[in-house]
Amino acid sequence: MGSSEHAVDVEPHSETRAHAPAAAGALRVATYNAGLAVGVLPHAAERAAPVVQALAALPADLICVQEVWLESHWRELADAAAPRLLHALRPPAARQSITRCTDMEARPVLRCVQRHCGATSEAGLAPCAVRHCGHLVTSLSSGCTECLTRDPLRSLAKVTTECAPAGLHLPAARARGGATYVYGGSYGIGLLTSLDVVEEDFLRFESEQLARGVLYARLRPKSATTDLHVFCTHLTADSRSVAYPARAGSWKSEHARQVRELRVWIGQKAGTTAPVLLIGDLNTGPALAATRVGARVPEQYASFAELGFFNPYLDGPNAARCSFCSANTLNGGRGPGGSLIDHILVRGPLRALGIERVLDDPLELLVGGERLSSHLSDHFGLAATVSFTPAARAPSPRATGSL
């Protein structure tokens with residue numbers, strides 16, 4: 001392991017099945033933000049099973065996933081993909097200490113949830129609680145907030161038992177520094193691969209509300225003469241609808257700091273000439289007028305070009321369509337365009353033989369006995385076939401924001 005703050009568990013599965021790559025000497029690589037933000041995005045609990053099924057069936061040698069926040073969802077995905085993708089890498093939660101609420105903190109929150117959501121199913125409890133009682137969270141200690149949000153699929157009885165046992169008057173919670181993380185400090189990211197894992201590591205970023213970091217793996221493809229360096233991450237979004245909780249800084253400055261640290265770490269782990277894949281939801285991207293794609297902090301996106309990264313999706317046959325799209329049912333379902341923030345970036349002796357948008361079809365969900373139109377996630381995925389054979393490339397114009 002490397003010397004970074006957190007180690008990464010590599011969990012081998014005993015059952016394997018041969019999986020042929022797309023072409024001799026080529027690898028199939030995918031990235032997907034699964035959008036399984038229970039309590040935040042619509043029908044996340046109901047979408048989990050279709051997401052797991054779709055990812056397990058996706059023909060790939062390597063998949064970087066984001067927003068698989070709950071450990072139960074990750075375990076289901078790793079088990080379903082195990083016949084093809086032997087290794088499942090995931091960083092441990094940012095905080096694993098047991099925290100609780102004081103009796104005084106818990107009473108108004110739990111009474112509010114009981115009053116408004118007592119008859120709601122476990123899958124619907126978190127969205128209901130956020131809708132009716134979310135305003136009470138601002139007065140809670142960090143430990144209490146972490147306990148209440150650790151697993152949004154718990155029953156109200158279990159939340160009460162774990163966070164404020166009935167009749168127990170807990171001592172006042174001690175104030176502590178640092179950010180308050182939801183989902184139990186889960187980073188939400190993971191790497192599934194059939195390739196041999198030579199080294200794995202993890203770099204934690206300083207962040208607010210959601211734990212952020214980058215997962216690194218040095219992989220050894222059977223047909224290659226050199227190792228492949230993979231960086232899988234989900235960077236902070238420059239949110240305009242949520243106030244930044246810290247006294248200093250902003251979502252944009254937090255994102256910029258993460259990009260700087262990521263750039264340095266890529267150099268430390270992979271040098272300047274080795275084959276590198278940077279994949280995931282980078283929450284940054286170019287403006288592409290032809291497809292009505294709006295820019296997201298384009299100065300950070302352009303900074304990856306300084307490290308020699310190339311974005312094959314911009315030169316592909318799909319005319320660089322959005323990955324986070326207005327027409328997606330979970331984003332309102334109307335209007336053209338969106339943004340391109342999910343990426344497969346390549347560097348060094350690598351070239352993409354083909355790249356496409358995937359997992360973008362609508363589906364029907366059965367929610368409370370009612371059939372609803374939805375998508376698997378609020379993001380669409382990308383899949384690319386990459387080869388170690390170098391190819392000459394003309395530089396993309398910096399004015400378009402392409403890499």
Side-chain angles (χ1 to χ4, degrees), residues 29-33 62 64 66 189 191 201-203 205 207 212-219 228-238 251-288 291 293-316 318 320-324 338-352 355 357 379 381-384 386 390-403:
V29 178
T31 181
Y32 190 56
N33 183 320
L62 169 68
C64 167
Q66 310 94 51
I189 60 175
L191 200 60
D201 206 348
F202 181 72
L203 177 67
F205 295 136
S207 59
R212 304 287 188 182
V214 55
L215 185 59
Y216 165 79
R218 181 160 63 93
L219 306 177
L228 176 65
H229 300 264
V230 179
F231 297 83
C232 168
T233 190
H234 183 190
L235 304 181
T236 291
D238 180 20
W251 298 118
K252 188 173 184 178
S253 64
E254 182 177 298
H255 180 272
R257 183 175 64 249
Q258 291 169 4
V259 170
R260 289 195 299 270
E261 293 176 6
L262 174 58
R263 284 163 47 92
V264 170
W265 208 48
I266 290 174
Q268 292 173 345
K269 303 299 289 188
T272 59
T273 60
V276 176
L277 287 172
L278 174 57
I279 50 182
D281 179 354
L282 304 184
N283 267 308
T284 178
L288 303 168
T291 50
V293 169
R296 287 278 192 96
V297 282
E299 67 277 11
Q300 300 301 336
Y301 172 78
S303 74
F304 290 113
E306 299 170 5
L307 297 184
F309 281 101
F310 174 75
N311 190 343
Y313 187 61
L314 299 184
D315 292 346
N318 294 312
R321 295 181 294 167
C322 55
S323 63
F324 187 79
S339 57
L340 178 58
I341 55 179
D342 304 272
H343 300 289
I344 299 174
L345 306 182
V346 301
R347 195 200 73 176
L350 286 175
R351 67 175 174 131
I355 186 167
R357 199 172 75 179
H379 290 244
L382 295 180
V386 298
R393 294 190 289 255
S396 302
R398 183 66 64 90
T400 65
S402 57
L403 288 177

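For the residue pair R347 and T272, the shortest heavy atom distance occurs at NH2-C, 3.5 Å. G213 and I189 get closest at one heavy-atom pair: O-CD1, 3.7 Å. Annotation for A274 and H229: closest pair CB-CD2, 3.6 Å, computed over non-hydrogen atoms. In plain terms, the two heavy atoms of I355 and P312 that are nearest each other are CG2-O, 3.7 Å. Contact record, A217 with L191: CB-CD2, 3.7 Å, taken as the closest heavy-atom pair. Contact record, Q258 with S207: NE2-CB, 4.0 Å, taken as the closest heavy-atom pair.
By the side chain to side chain donor-acceptor pair (under 3.5 Å) test, H234 is found to be paired with R212, D281, residues two or more places apart in sequence or in another chain being considered. Considering only residues two or more places apart in sequence or on other chains, Q300 meets the side chain to side chain donor-acceptor pair (under 3.5 Å) condition with none of them. In this structure A237 satisfies the side chain to side chain contact (heavy atoms under 4.5 Å, CB included) test together with N283, sequence neighbours excluded. Partners of T233 according to the side chain to side chain donor-acceptor pair (under 3.5 Å) rule, which considers only residues two or more places apart in sequence or in another chain, do not exist here. With sequence neighbours left out, the side chain to side chain donor-acceptor pair (under 3.5 Å) criterion links T273 to no other residue. In this view, R263 and V259, S303, F304, E306, L307 satisfy the side chain to side chain contact (heavy atoms under 4.5 Å, CB included) rule, not counting sequence neighbours. With sequence neighbours excluded, the residues that form a ring-ring contact (aromatic ring centres under 6.0 Å, His included) with H343 are Y301. For R218, the salt bridge (charged side-chain N to carboxylate O under 4.0 Å, His left out) criterion is met by E199, D227, not counting sequence neighbours. For E261, the salt bridge (charged side-chain N to carboxylate O under 4.0 Å, His left out) criterion is met by no residue, not counting sequence neighbours.
Side-chain contact check for H379 versus I341: some heavy-atom pair is nearer than 4.5 Å. For the pair P275/P349, a side-chain contact is recorded, criterion being any heavy-atom separation below 4.5 Å from C-beta on.
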ask   = Hey, mind stepping through L350 and L228 against side-chain contact (heavy atoms from CB on, under 4.5 Å) and telling me if it holds?
value = CA-CA 10 Å; L350 286 175; L228 176 65; 3.8 Å; yes
key: L314 vs L288, side-chain contact (heavy atoms from CB on, under 4.5 Å): CA-CA, chis, key distance, verdict   = CA-CA 9 Å; L314 299 184; L288 303 168; 3.8 Å; yes
query = Do V346 and V276 pass the side-chain contact (heavy atoms from CB on, under 4.5 Å) test, and can you show the C-alpha distance, the side-chain angles, and the key distance before you say yes or no?
reply = CA-CA 6 Å; V346 301; V276 176; over 6 Å; no
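Annotation: the span from L215 atom CG to C64 atom SG amounts to 7.5 Å, rounded to 0.5 Å. Summarising the geometry, atom CG belonging to D342 is positioned 8.0 Å from atom CG belonging to L282; distances are rounded to the nearest 0.5 Å. Residue T31 holds its OG1 atom at 9.5 Å from CG of L62, rounded to the nearest 0.5 Å. Rounded to the nearest 0.5 angstrom, F310 CZ and R351 CZ are separated by 11.5 Å. Q268 contributes atom CD, which lies 10.0 Å from atom CG of D201 (distance to the nearest 0.5 angstrom). For the atom pair S323 OG and L340 CG, the distance stands at 5.0 Å (nearest 0.5 Å).
The aromatic rings of F231 and Y216 sit tilted relative to each other, their planes meeting at an angle between 30° and 60°.
Side-chain atoms of Y313 come within 3.5 Å of backbone atoms of R321 as a donor-acceptor pair (strictly under, hydrogens ignored).
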